[in-house]
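Written below as structure tokens is the structure these notes are about.
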Amino acid sequence: MKIATWNVNSLNVRLPHVLDWLASEQPDVLCLQETKQEDSKFPYAALQEAGYHALHSGQKTYNGVAIISKQLPQAVQFGIPGYVDEQKRVLTATVAGVRIVCAYIPNGQSLESDKYQYKLGWLQALTDWLQQELKQHPKLALLGDYNIAPEDRDVHDPAAWAGQVLVSAPERAVFQQLLDMGLHDSFRLFEQADNSFSWWDYRMAGFRRNLGLRIDHILVSEALKAGCSRCWIDKAPRKLERPSDHTPVVLELHSA
DNA sequence: ATGGCGATTTCTAATCGA
């Protein structure tokens with residue numbers, strides 16, 4: 001089984017890249033973030049033609065998440081249960097026996113911003129809910145744009161970024177909290193090249209100079225950990241014309 | 001030098017993302 005996550009920064013713009021990537025990589029599950037479109041605009045037909053089922057929870061301009069899968073998704077859940085949020089950031093479904101949680105965690109903007117407080121409160125709601133969800137679904141994967149670089153080695157210039165949003169101590173503490181509840185950062189289960197990132201700023205030739213951050217992650221529960229065989233960042237889509245600023249993170253596992 | 005780029009709506013300008 002191959003599962004992946006990709007913040008596409010507008011599916012309207014990036015649909016050709018997504019269709020090409022599905023055709024070449026043939027993932028069993030692809031989680032998207034920042035589709036930036038209402039459900040009525042979501043390209044269900046094009047994905048069906050490509051051989052995929054699709055779930056979408058979207059809105060105009062901002063946010064929006066999707067789960068694209070070869071097998072029929074079951075037990076679909078929109079958002080975080082019990083947490084009222086206008087922003088479409090979470091979509092959950094069971095695919096081939098694995099509980100797939102697709103999340104677009106808030107950016108936070110800056111430590112002084114109200115958006116940072118929203119991010120921390122949102123993360124608390126997510127972790128509280130995941131504790132329960134894990135009991136119901138031991139085989140669980142949390143895929144998405146976390147907007148958190150967990151360690152300094154996930155940052156191209158830790159000194160320049162020190163204390164800022166995406167790397168601040170409270171954000172990293174929440175990431176640790178996820179690990180403490182028995183989730184594992186699948187990327188770090190395997191040997192990886194230094195300076196591996198999943199996002200690069202469009203400005204200052206960030207990608208060419210590899211000035212990036214690793215903020216897109218696939219966390220897996222204890223029950224899935226042993227079955228993981230490979231995790232990698234696919235930089236190919238970032239090299240295309242008019243790319244997303246994020247690139248896919250991919251995990252191979254057998255869940256049986 | 002707090003900018004830069006790209007997407008979107010607010011559309012010869014402003015806001016957001018990370």
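In what follows, every chain begins at residue 1, and chains take the letters A, B, ... in the order their sequences are listed. Note that the coordinates shown come from a computational prediction; the quantities given were computed from them, not determined experimentally.
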May I have the distance from [X] (atom [atom1]) to [N] (atom [atom2]), rounded to whole angstrom?
| X | N | atom1 | atom2 | result |
| --- | --- | --- | --- | --- |
| A:E38 | B:dT8 | CD | P | 13 Å |
| A:L15 | B:dA7 | CG | P | 14 Å |
| A:E241 | B:dC5 | CD | P | 16 Å |
| A:R14 | B:dC5 | CZ | P | 16 Å |

Contact pattern, 5' to 3', of nucleotides 13-18 of chain B - B, S or - by protein heavy atom under 4.0 Å: ---SBB

Within the 4.5 Å heavy-atom criterion, are A:K36 and A:L11 side-chain neighbours or not? no

Residues two or more places apart in sequence or in another chain: which of them pass ring pair (Phe, Tyr, Trp, His ring centres under 6.0 Å) with A:F190? none

Between [M] and [N] - [atom1] atom distance, rounded Å:
| N | M | atom1 | result |
| --- | --- | --- | --- |
| B:dA1 | B:dA13 | C1' | 23 Å |
| B:dT12 | B:dT2 | C1' | 25 Å |
| B:dC16 | B:dG4 | C1' | 15 Å |
| B:dG6 | B:dC11 | P | 22 Å |
| B:dA18 | B:dA7 | P | 14 Å |
| B:dT10 | B:dT15 | C1' | 8 Å |

For A:I233, the other hydrophobic cluster members (4.5 Å side-chain criterion, sorted by chain and number) are A:M1, A:I3, A:V29, A:L55, A:V65, A:I67, A:V76, A:F78, A:L91, A:V95, A:V98, A:I100, A:Y104, A:L143, A:F187, A:I218, A:V220, A:L224, A:V249, A:L251, A:L253

Which hydrophobic side chains are connected to A:V90, either touching it within the sub-4.5 Å cutoff or through other members that do? A:I80, A:Y83, A:V101, A:I105, A:Y118, A:W122, A:L123, A:L126, A:W129, A:L130, A:L134, A:L140, A:L142, A:Y146, A:I148, A:V174, A:F175, A:L178, A:L179, A:M181, A:L183, A:L219

Solution key, residues 237-244 of chain A side-chain donor-acceptor pairs under 3.5 Å, sequence neighbours excluded:
residue, atom, partner, partner atom, Å
A:R238, NE, A:S244, O, 3.3
A:R238, NE, A:D245, O, 3.2
A:R238, NH2, A:W200, O, 2.8
A:S244, OG, A:N7, O, 2.6
A:S244, OG, A:H246, N, 3.1
A:S244, OG, A:H246, O, 3.4

What residues form a side chain to side chain donor-acceptor pair (under 3.5 Å) with A:Q74, not counting sequence neighbours? none

Taking only N and O in the side chain of A:S10, is any of them less than 4.0 Å away from OP1 or OP2 of B:dT8? yes

Would you indicate whether A:K88, at its atom NZ, is surrounded by more than 12 heavy atoms from other residues, nucleotides or ligands within a distance under 6.0 Å? no

